[in-house]
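Here the structure comes first, spelled out in structure tokens, and everything after it is commentary.
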Amino acid sequence: MKILFGMRDDGDMTEPMNIMLLSALAKAQGHDTDLWVIERDDLPDTVRRVKPDIVAFSCITGSHRYYIDAAQRIKNLRPEVQTVFGGPHFTFFPGEILINPQIDFVCVGEGDDAWPELLQALEKNSGKNEIPNIITKENAETVLEPPDEKTLEKLGLSSQSIPHDRFSLSGKHMRPRRQNLDNLPFMDRGLIYNNTEFLNRYKRTLMASRGCPFRCTYCFEHQWYDLYRRVGGYAREWYSVDRFLDELEYIKKNWDTRFFKFYDDVMLPFPHKGEIAWHQEFCSKYPKRIGLPFHLLTRCDLVVALKERMN
């Protein structure tokens with residue numbers, strides 16, 4: 001199948017790691033992928049050139065409106081195309097599928113396993129309604145849940161008139177979080193670097209882990225935690241050090257790279273043995289295997305705690 005990913009950023013912010021991973025997963029199944037930069041590329045020309053079977057978008061709240069509009073424009077040009085939406089906005093507001101006919105599928109939470117399964121189901125034309133984390137037009141009424149009675153009362157809502165943005169995915173249709181990151185493919189950076197200004201940024205972005213041990217009020221992490229607590233809990237997961245360095249070496253070899261940005265929520269170790277051991281191994285191997293400057297995100301209290309521990 002031919003898959004078109006839509007994005008808005010042409011090199012101004014951070015590489016879309018979500019698209020790069022989803023593209024790599026699709027290519028591992030033998031599918032073709034392409035890219036549409038919405039503000040740059042003429043849509044009719046792109047649709048004629050690619051002839052996509054699937055168009056996929058990953059959205060944060062706010063930008064989701066542009067992507068929903070884009071999906072309608074694509075449907076007007078190619079009615080048979082299937083549209084797939086994911087990302088933070090659709091994870092927390094999956095009820096968007098109830099009011100937007102141009103949305104065919106919504107992926108809630110991590111899509112590492114749900115996305116390949118959806119592609120397989122679409123290729124075989126069967127089983128699409130049974131895939132955990134995937135909402136379809138056909139299964140939406142059974143897998144989406146309204147708030148409980150106490151929440152409805154607190155919000156002043158009636159069970160007869162619940163807004164679409166108050167629905168959430170049933171825990172029975174969710175899969176646990178991925179435990180093994182090492183068997184994921186390297187991200188398809190060629191899709192982005194060969195088609196956008198990110199090629200000339202010289203900063204390459206990657207994450208060594210998923211999740212965060214903190215629950216800051218300004219962040220969605222606590223909602224993410226609550227989402228996955230229903231299906232076995234939520235733990236911070238890491239690539240093994242060697243697997244992570246393998247991908248850094250691959251990037252350094254194939255694209256002009258001046259420094260790396262480690263985009264983990266918190267890169268310095270949370271004070272427990274497992275994370276400290278990971279960082280000790282990383283610090284011993286990184287200078288020898290990679291040797292480039294890097295930028296990371298952390299918290300002042302972790303820096304102080306680490307310094308005290310080292311002293």
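Remember, it's a predicted structure, so these values are computed and weren't measured experimentally.
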Grab the two heavy atoms, one from C212 and one from E221, that are nearest each other, plus how far apart they are. N-OE2, 3.4 Å
Return the CG to CD distance between D69 and Q102, rounded to the nearest 0.5 Å. 8.0 Å
Mind running side chain to side chain contact (heavy atoms under 4.5 Å, CB included) on T298 and L296 for me, showing each step along the way? CA-CA 7 Å; T298 189; L296 55 79; 4.0 Å; yes
Here the gap from M207 atom CE to M187 atom CE, rounded to the nearest 0.5 Å, amounts to 8.0 Å
Under the rule for side-chain hydrogen bond (donor to acceptor under 3.5 Å, both in side chains), what residues qualify as partners of N195, not counting sequence neighbours? none
Any chance you could measure F214, atom CZ, to R299, atom CZ, to the nearest 0.5 Å? 4.0 Å
List for me each residue that meets side-chain contact (heavy atoms from CB on, under 4.5 Å) alongside K285, sequence neighbours excluded, and say none if there are none. V241, D242, L245, E281
Going only through I, L, V, M, F, W and Y residues with side-chain contacts under 4.5 Å, is there a path from L35 to M13? no
Take K128 and E123, measure what salt bridge (Lys or Arg N to Asp or Glu O under 4.0 Å) needs, and give me the verdict at the end. CA-CA 10 Å; K128 62 183 181 180; E123 195 166 39; over 6 Å; no
Would you indicate whether the side-chain heavy atoms of H295 and M267 approach each other to under 4.5 Å? no
Would you sort out whether L292 and R258 count as a side chain to side chain contact (heavy atoms under 4.5 Å, CB included), showing the intermediate values? CA-CA 7 Å; L292 291 176; R258 311 295 172 83; over 6 Å; no
Under a 4.5 Å cut-off applied to non-hydrogen side-chain atoms, are F262 and L297 in contact? no
Taking NZ, NE, NH1 and NH2 as the nitrogens, is one of them in R178 or E237 under 4.0 Å from a carboxylate oxygen of the other? no
Answer yes or no: are there more than 12 heavy-atom neighbours, outside D42 itself, under 6.0 Å from its atom CG? yes
Applying the 4.5 Å side-chain criterion to the ILVMFWY set and letting contacts propagate, would I74 and Y66 be lumped into a single cluster? no
Using distance alone, with no hydrogens and no angle criterion, decide if D41 and T46 have a side-chain donor and acceptor under 3.5 Å apart. no
Side-chain heavy atoms under 4.5 angstrom apart, residues restricted to Ile, Leu, Val, Met, Phe, Trp, Tyr: same cluster for I60 and I38? no
Please name the pair of heavy atoms, one in Y228 and one in G109, separated by the smallest distance, quoted to 0.1 Å. OH-CA, 3.5 Å
Contacts of D104 that satisfy side-chain contact (heavy atoms from CB on, under 4.5 Å) - sequence neighbours left out: K75, Q82, T83
Take L144 and I97 through the side chain to side chain contact (heavy atoms under 4.5 Å, CB included) test and state the conclusion after the steps. CA-CA 10 Å; L144 288 176; I97 197 172; 4.2 Å; yes
Could you check whether any side-chain heavy atom of I3 comes within less than 4.5 Å of a side-chain heavy atom of V55, counting everything from C-beta outward? no
Considering only heavy atoms from C-beta outward, does the side chain of R48 approach that of P44 to under 4.5 Å? yes
Keeping to residues at least two apart or across chains, list the ring-ring contact (aromatic ring centres under 6.0 Å, His included) pairs with something in residues 178-201. F186-Y250, Y193-W255
Passes side chain to side chain contact (heavy atoms under 4.5 Å, CB included), Y263 versus M17? Steps please. CA-CA 10 Å; Y263 215 16; M17 291 178 282; 3.6 Å; yes
Sequence neighbours excluded - side-chain hydrogen bond (donor to acceptor under 3.5 Å, both in side chains) pairs with any residue from residues 24-36: S23-T33, K27-D188, Q29-H31, D34-R49
Backbone N or O of I192 within a donor-acceptor pair of the T196 side chain at under 3.5 Å? yes
Is there a side-chain contact between D9 and P16 in this structure, where contact means two heavy atoms from C-beta onward sitting under 4.5 Å apart? no
Residues which pass salt bridge (charged side-chain N to carboxylate O under 4.0 Å, His left out) with E15, listed by chain and number, not counting sequence neighbours: R189, K203
Which residues share a side-chain contact (heavy atoms from CB on, under 4.5 Å) with T91, sequence neighbours left out: V108, W224, L227
Would you indicate whether the side-chain heavy atoms of F244 and Y286 approach each other to under 4.5 Å? no
Is it the case that over 12 heavy atoms from other parts of the model lie below 6.0 angstrom from the CZ atom of F92? yes
Considering the options F90, Y67, F105, which one meets the ring-ring contact (aromatic ring centres under 6.0 Å, His included) requirement together with F57? Y67
Test: R204 and E247 ion pair at under 4.0 Å: no
Strictly by modelled atom types, are N180 and R243 linked by a side-chain donor-acceptor pair under 3.5 Å? no
Partner residues of Y239 under the ring pair (Phe, Tyr, Trp, His ring centres under 6.0 Å) criterion, sequence neighbours left out: none
Is there a path of hydrophobic side-chain contacts, each under 4.5 Å between heavy atoms of I/L/V/M/F/W/Y residues, joining F259 to F294? no
Please check this pair: side chain of R78 against backbone of P52, looking for a donor-acceptor N/O pair closer than 3.5 Å. yes
Nearest-0.5 Å distance, CG of residue N129 to CD1 of residue I135: 11.5 Å
Might you confirm whether atom CZ of R215 has over 12 heavy atoms from other residues, nucleotides or ligands at distances under 6.0 Å? yes
Please list all pairs passing the ring-ring contact (aromatic ring centres under 6.0 Å, His included) test where one or both residues lie in residues 145-183, with sequence neighbours left out. none
I'd like to check the salt bridge (charged side-chain N to carboxylate O under 4.0 Å, His left out) partners of R166; sequence neighbours left out, ordered by chain and number. none
For R230 versus G171, what's the shortest heavy-atom pair and its separation? NH1-N, 3.5 Å
Nearest 0.5 angstrom please: R201 CZ to T257 OG1, how far? 13.0 Å
Could you work out, with salt bridge (charged side-chain N to carboxylate O under 4.0 Å, His left out) as the rule, every residue matching D12, not counting sequence neighbours? none
Hey, what do you get for OG (S209) to CG (L181), rounding to the nearest 0.5 Å? 8.5 Å
Within the 4.5 Å heavy-atom criterion, are I134 and V106 side-chain neighbours or not? no
Hydrophobic cluster identity match, L199 and Y202, side-chain contacts under 4.5 Å: no
Could you check if a side-chain atom of L25 sits within less than 4.5 angstrom of a side-chain atom of P185, using non-hydrogen atoms only? yes
Is the number of heavy atoms from other residues, nucleotides or ligands under 6.0 Å of E138 CD greater than 12? yes
Can you name the residues that form a salt bridge (charged side-chain N to carboxylate O under 4.0 Å, His left out) with R210, not counting sequence neighbours? E110, D112
Going by atom types alone, do E145 and S168 pair a side-chain donor with an acceptor below 3.5 Å? no
Closest non-hydrogen contact found for F260 with I290 is CE1-CG2, 3.6 Å
